[in-house]
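All ligand and atom numbering here is 1-based and tracks the order in the structure.
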Amino acid sequence: MNILVLHGPNLHLLGKRQPEIYGHQTLNDINSALDQFVASSPHDVVLKILQSNHEGEIVSIIGDHIEWVDGILINPAAYTHTSIAIRDALSTVAVPVVEVHLSNIYSREEFRHHSYISGVAAGVVSGFGAYTYILGLEAMIHILGPKTNET
Ligand code: CA2
């Protein structure tokens with residue numbers, strides 16, 4: 001199964017700014033943890049991991065992977081709360097979407113409580129720091145119906 005992992009704006013700064021909110025792990029640390037999880041998993045998973053600070057680029061990335069992708073794991077970052085364009089792109093691809101957030105968006109400012117993405121997501125994981133991504137990936141594998149490397 002081919003899973004696209006998308007990191008939204010400013011997440012390249014992880015570990016370098018605001019560690020009290022987002023933790024000390026860098027984006028590379030998170031990506032390595034995802035790669036390691038896949039390498040040690042019995043499931044036949046291929047990850048493609050991308051980050052963009054630009055809404056239109058995220059829309060294009062989603063569209064460009066329409067033939068390849070079986071599921072999308074996305075942290076849309078601030079676009080979570082603003083982007084109908086990313087929501088529409090995700091619904092157009094019509095594969096399962098898992099939305100992830102490092103912080104618990106419901107325990108933060110009111111404007112973070114609404115997500116334009118959740119309505120087109122199979123589920124949301126929020127608030128477990130870097131481990132959120134592993135939980136989200138496990139959920140995605142579960143949804144896609146795990147195939148082992150032997151099958
Ligand atoms: O908790 C999350 O994962 C968020 O998606 C992160 C977004 C925020 O706008 C969402 O409400 C919740 C912000 C990402 C910015 O990342 C930074 C990382 C380090 C330093 C500064 C920003």
Q: Using the six-membered ring wherever Trp is involved, compare the ring planes of His81 and Phe111 and label them parallel, tilted or perpendicular (cut-offs 30° and 60°).
A: perpendicular
Q. For the side chain of Asn2 and the backbone of Val46, is there at least one donor-acceptor N/O pair under 3.5 Å apart?
A. no
Q | Under 3.5 Å donor-acceptor, Gln25 side chain and Ile30 backbone | A | no
Can you give me a line-by-line list of nitrogen or oxygen pairs between ligand 1 and the protein shorter than 3.5 Å?
unit_1, atom_1, unit_2, atom_2, d
ligand 1, 1 (O), Leu102, N, 3.3
ligand 1, 1 (O), Ser103, N, 2.8
ligand 1, 1 (O), Ser103, OG, 2.5
ligand 1, 3 (O), Asn75, ND2, 2.8
ligand 1, 3 (O), Leu102, N, 2.7
ligand 1, 5 (O), Asn75, OD1, 2.8
ligand 1, 5 (O), His101, ND1, 2.9
ligand 1, 9 (O), Ala78, N, 3.4
ligand 1, 9 (O), Arg112, NH1, 2.9
ligand 1, 11 (O), His81, NE2, 2.7
ligand 1, 11 (O), Arg112, NH1, 2.9

Q. Is a side-chain donor-acceptor pair under 3.5 Å present for His101 with Glu99?
A. yes
Q. Can you name the closest pair of heavy atoms from Gly119 and Arg87 and give their distance?
A. CA-NH1, 4.0 Å
Q) Looking at residues at least two apart in the chain, or sitting in another chain, which of them share a ring-ring contact (aromatic ring centres under 6.0 Å, His included) with His7? A) Tyr133
